[in-house]
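Here is the naming used below: chain letters follow the sequence lines, and residue numbers restart at 1 for every chain. This structure is a prediction, so every number in the text was calculated from the model and none was measured.
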Protein chains: 2
Amino acid sequence: MEILIAEDEKQIAGTLKKRFLEIGFHPMAVPNGEAALAAVEKIVFDVIILDWRMPKLSGLEVCKILREREIKAPIILLTALSDISNKVEALNAGADDYITKPFSFDELLARVNAVVRRFHSTTTELGFNNCTLNLVDHTLVKPNEIIKLSQKEYDLLKFFLKNKNSIVSKDQICQQAWGTKCSPLSNIVEVTIKNLRRKLESKTHKSYIRTIYGEGYIFFADEVLKH
Amino acid sequence: MEILIAEDEKQIAGTLKKRFLEIGFHPMAVPNGEAALAAVEKIVFDVIILDWRMPKLSGLEVCKILREREIKAPIILLTALSDISNKVEALNAGADDYITKPFSFDELLARVNAVVRRFHSTTTELGFNNCTLNLVDHTLVKPNEIIKLSQKEYDLLKFFLKNKNSIVSKDQICQQAWGTKCSPLSNIVEVTIKNLRRKLESKTHKSYIRTIYGEGYIFFADEVLKH
DNA sequence: TACAATTATGAAATTTTTTTCATCATATTT
DNA sequence: AAATATGATGAAAAAAATTTCATAATTGTA
């Protein structure tokens, strides 16, 4: 789980990072709003935690900018004030939750989990590297073009993205994308992989799908880096 | 906008209903949790507001039950206590927001709008009557069967659902579902409507799409009733 | 009721997607 | 390096989706 923490108070940032690390999350801490915006350009986060009061760019402003840029990841705002109008302002800026300092780590964790669970149950796109699979349109959104995927190509890519960076066997692929056992008489999987590879490839990024001889395939996607 | 308000304090319920009515929403007030569950069985709400403290079934319990039943509509819990652990409990139960009494109507409205806006930007299905259009699978989910829609049938139905109960011209349909002006030389729209009608029809419900001679079509869907 | 305009429909034609097949390329083992 | 197994690929075949077309049915109007 990739978490961005934008917080200028070093002690809070440090504690949060440490606690998230302990439970196996991947936190990244930045000290201001500009750094948060820069980080989001490069990395796909599962949740973004923004301190409201930061020098220059406030957490609220960062939140608004992220939503304008169509960043969909859930955002939680931290604030010293428990003013109710702040809460409304935060929601209107596109935040998903709001938490007042001081707070316990367990409370923050509960909110992070709630917000992420909800997000994953309703998300409409899956990102990888500098591309996105649009689950509603069934299109592959590359940096400079939008490519229509056929049904099978879509099913296959979706399966790869759910299992990125780990080996999947041909049997597993058949089961998920074709709903049947893999027939040794047919090579539909190979053919569809060939076609998907062609649609995925670009000048900068040639090989998303690596063949593991005798085992299956791995879809390589930097979980983290967007560019 | 269909809003369910489950609140046993009659005065609060009455005021909320009145205020929502004034701004053109369609509120329905019920006095307890059981009635709320029953209402959700029959009606598709855009947002559900639950009082935490209600006789027998609490708002929190109703919330959990609704999520178990895969009701996706956003839920806001009302409570007299501003205890932070309650907020965590609410989120863990699948609620989207939490508001402590006393609150102003404007604050509630802001939260309703925030929660609905977010929901609509990430929703993965559109409901109508006793059916659902699954936007990810491109399937039509009827009470007893799941029907695969072709791309064009899907585009057409999606357009109808976005414009239900109002006349849409053939030109509008072409523009949205085919991305081109309607050619007088082609009757693709009529043909696709014919095919969609066939897939939509059931023993109980024959005519979703009514033709308005010389004007276009209306897709009739009870905005409200599920059964 | 007759007529013109509009919509509905079955079936053919076209296009696209999916699958099969033959052949080539590559990896592993000996 | 040779033999064998596995995967890749272009092209053909089959199936499915989309569009066209001819004709039938329906609606509104004279």
Scan residues 150-159 of chain A against DNA chain C and write down, sorted by residue number, each residue with any heavy atom closer than 4.0 Å; if none is found, say none.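 Within this stretch, A/Ser150, A/Gln151, A/Lys152 sit under 4.0 Å of the strand.
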
Please state whether the phosphate of C/dT20, meaning OP1 or OP2, lies under 4.0 angstrom from any side-chain nitrogen or oxygen of A/Ser186.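 Yes, within the criterion.
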
Report yes if at least one side-chain N or O of A/Trp178 is closer than 4.0 Å to OP1 or OP2 of C/dT18; otherwise report no.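 No, A/Trp178 has no side-chain N/O under 4.0 Å of OP1/OP2 on C/dT18.
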
Listed partners of [X] passing salt bridge (charged side-chain N to carboxylate O under 4.0 Å, His left out), at least two apart:
X        : result
A/Lys194 : none
B/Lys18  : B/Glu22
A/Lys142 : A/Glu145
B/Lys158 : none

I'd like to check A/Val141 versus A/Cys131 (side-chain heavy atoms, cut-off strictly below 4.5 Å). Are they in contact?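 Sidechains of A/Cys131 and A/Val141: no contact.
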
Quick one: [X] [atom1] to [N] [atom2], roughly how many Å, whole number?
X        : N      : atom1 : atom2 : answer
A/Arg210 : C/dT26 : CZ    : P     : 16 Å
B/Asn195 : D/dT19 : CG    : P     : 11 Å
B/Ile147 : D/dA17 : CD1   : C1'   : 17 Å
A/Leu185 : C/dT18 : CG    : C1'   : 17 Å
A/Leu149 : C/dT18 : CG    : P     : 10 Å

Which residue pairs pass the ring-ring contact (aromatic ring centres under 6.0 Å, His included) test when at least one of the two sits in residues 133-153 of chain A, sequence neighbours left out?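 Matches after skipping sequence neighbours: A/His138-A/Tyr154, A/His138-B/His138.
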
Taking side chain to side chain contact (heavy atoms under 4.5 Å, CB included) as the definition, give me every residue that meets it alongside [X], ordered by chain and number, with sequence neighbours left out.
X        : result
B/Gln175 : B/Lys181
A/Pro27  : A/Ile5, A/Lys17, A/Phe20, A/Leu21
A/Glu70  : A/Lys72

Compile the donor-acceptor pairs under 3.5 Å between side chains in residues 60-68 of chain B and protein atoms, sequence neighbours left out, one pair per line.
from, atom 1, to, atom 2, distance (Å)
B/Glu61, OE1, B/Ser58, N, 2.8
B/Glu61, OE1, B/Ser58, OG, 3.3
B/Arg67, NE, B/Gly94, O, 2.8
B/Arg67, NH1, B/Ile71, O, 2.7
B/Arg67, NH1, B/Ala73, O, 2.8
B/Arg67, NH2, B/Ala73, O, 3.1
B/Arg67, NH2, B/Gly94, O, 3.0
B/Arg67, NH2, B/Asp96, OD1, 2.8

Evaluate the ring planes of B/Phe219 and B/Phe128, with Trp represented by its six-membered ring, and classify them as parallel (under 30°), tilted (30 to 60°) or perpendicular (over 60°).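 Aromatic pair B/Phe219/B/Phe128 classed perpendicular.
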
Estimated bend of the helix from C/dT1-D/dA30 to C/dT30-D/dA1 (axis per five terminal pairs, rounded to 10 degrees):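 For the helix from C/dT1-D/dA30 to C/dT30-D/dA1, the axes at either end differ by 30°.
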
Report each atom pair, protein N/O against N/O of nucleotides 5-9 of chain C, whose distance is under 3.5 angstrom.
from, atom 1, to, atom 2, distance (Å)
C/dA5, N3, B/Tyr213, OH, 2.7
C/dT6, O4', B/Tyr213, OH, 3.1
C/dT7, OP1, B/Gly214, N, 3.2
C/dT7, OP2, B/Lys170, NZ, 2.7
C/dA8, OP1, B/Arg197, NH1, 2.8
C/dA8, OP1, B/Arg197, NH2, 3.4
C/dA8, OP1, B/Thr211, OG1, 2.6
C/dA8, OP2, B/Tyr217, OH, 2.7
C/dT9, O4, B/Asn187, ND2, 2.6

